[in-house]
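In listed order, ligands and their atoms are each counted from 1. None of the values given here were measured: they were computed from a predicted structure.
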Amino acid sequence: MTMEVLRTRGELERLDALRGQGPLVLVPTMGALHEGHLSLVRLATKIGPVVVSIFVNPTQFGPEEDLAAYPRDLDRDLELLRPLEVDAVFAPDVDQVYGQPGEVTVEPGRRAGGLCGASRPGHFRGVLTVVAKLLGLVRPDVGVFGRKDAQQCLVIDQMVRDLCLPVRLIDGPTVREPDGLAMSSRNRYLTGRDRERALCLQQALRQARRLILAGERDPDVLEEAMGRELAAADRPDYAAIRSVPELRRLERVQGRVLLAVAAQVGPARLIDNLVLEVRDGKVSETGLLDTTRTADGKE
Ligand code: PAF
């Protein structure tokens, strides 16, 4: 089987040959692929024919952020995807995705208000606008997103529900380095001491989980404990516990909850999270998105 590499909107017509061979699955990425992306692709190939998009979306980067430095190596990405039975890669230029700049954008809902939404103004507008475009261009039945970007998953989920988009969303688990660091394209900015200090995000989450397992249910106590671990970073951003899927502050930790951390470590802004189901004294790791919705959007 050959993997088609599609560069233009017009070439997407070739995806019609894949429709009807099972649910068409889109795995949107910004390239610089690592094992985390590849695990999403493997998950996707179990569902149906797979399209991976590779597009560094300029509108989700703030003016002071790393758009110019963001790693780009399409040839390497294609080599990593070839053995995985990917049917097509959509790797457009900016002008294939954005016709006239500044026209219609997608305004995120309430779930984008805190966490990364608070420290990266405009970020989720950019993410939703490009994801809406990719869904419109590729017209997949299923979209697969990485759970590491938990708020992104939940903000996209709200867009899909509120705009009645006919796509089912799945969140794939975070893949970690052997020492626990969550895989991220931005990890390649980390060297030496920064790489070691990056582990403080994972330590913050582990500490909170330990406390929850020991019976702690007060979100303030847990956020403070995570914050203490995060102090090893250059600029801790947030250490937060929120409800899933609404991302509301909690009075008490119970039900499905997101433990989320973000911090600047050296040149890299890193995020990590843990999704837990806390019920009747039991604590287990779980996913973010409701997988009961069918491809036509029905519950
Ligand atoms: O998670 C990412 O890589 C990006 O935010 C996405 C979803 C591909 C949109 O540009």
Please could you name the atoms of ligand 1 that Val130 approaches to less than 4.0 Å, counting only its heavy atoms? 9 (C), 10 (O)
Numbering the atoms of ligand 1 from 1, which are under 4.0 Å from a heavy atom of Pro28? 8 (C)
Within the 4.0 Å heavy-atom shell around Asp149, which atoms of ligand 1 are there? 1 (O)
List every atom of ligand 1 that sits less than 4.0 Å from any heavy atom of Gln60, numbering the atoms from 1 in the order shown and giving each element. 4 (C), 5 (O), 9 (C), 10 (O)
Hey, is the main chain of Ile212 close enough, under 3.5 Å, to the side chain of Arg217 for a donor-acceptor pair? yes
Evaluate whether atom CZ of Arg188 has more than 12 neighbouring non-hydrogen atoms of other residues, nucleotides or ligands under 6.0 angstrom away. yes
Is it true that Glu65 and Arg120 make a salt bridge, defined as a side-chain N closer than 4.0 Å to a carboxylate O? yes
Go through the side-chain N and O atoms of Arg161 and Gln158 and say whether any donor and acceptor fall under 3.5 Å apart. no
closest protein heavy atom to atom 3 (O) of ligand 1 is Met30 CG, 3.5 Å
Decide whether Tyr98 and Thr59 meet the rule of one side-chain donor and one side-chain acceptor closer than 3.5 Å. yes
State plainly whether the residues Asp179 and Arg195 are in salt-bridge range, i.e. N to O under 4.0 Å. yes
Could you list the atoms of ligand 1 found under 4.0 angstrom from a heavy atom of Thr29? 8 (C)
Contact (N/O only, under 3.5 Å) between Asn57 and ligand 1: no
The atoms of ligand 1 lying under 4.0 Å from a heavy atom of Gln152, numbered in the order shown, are 1 (O), 2 (C), 4 (C), 5 (O), 7 (C)
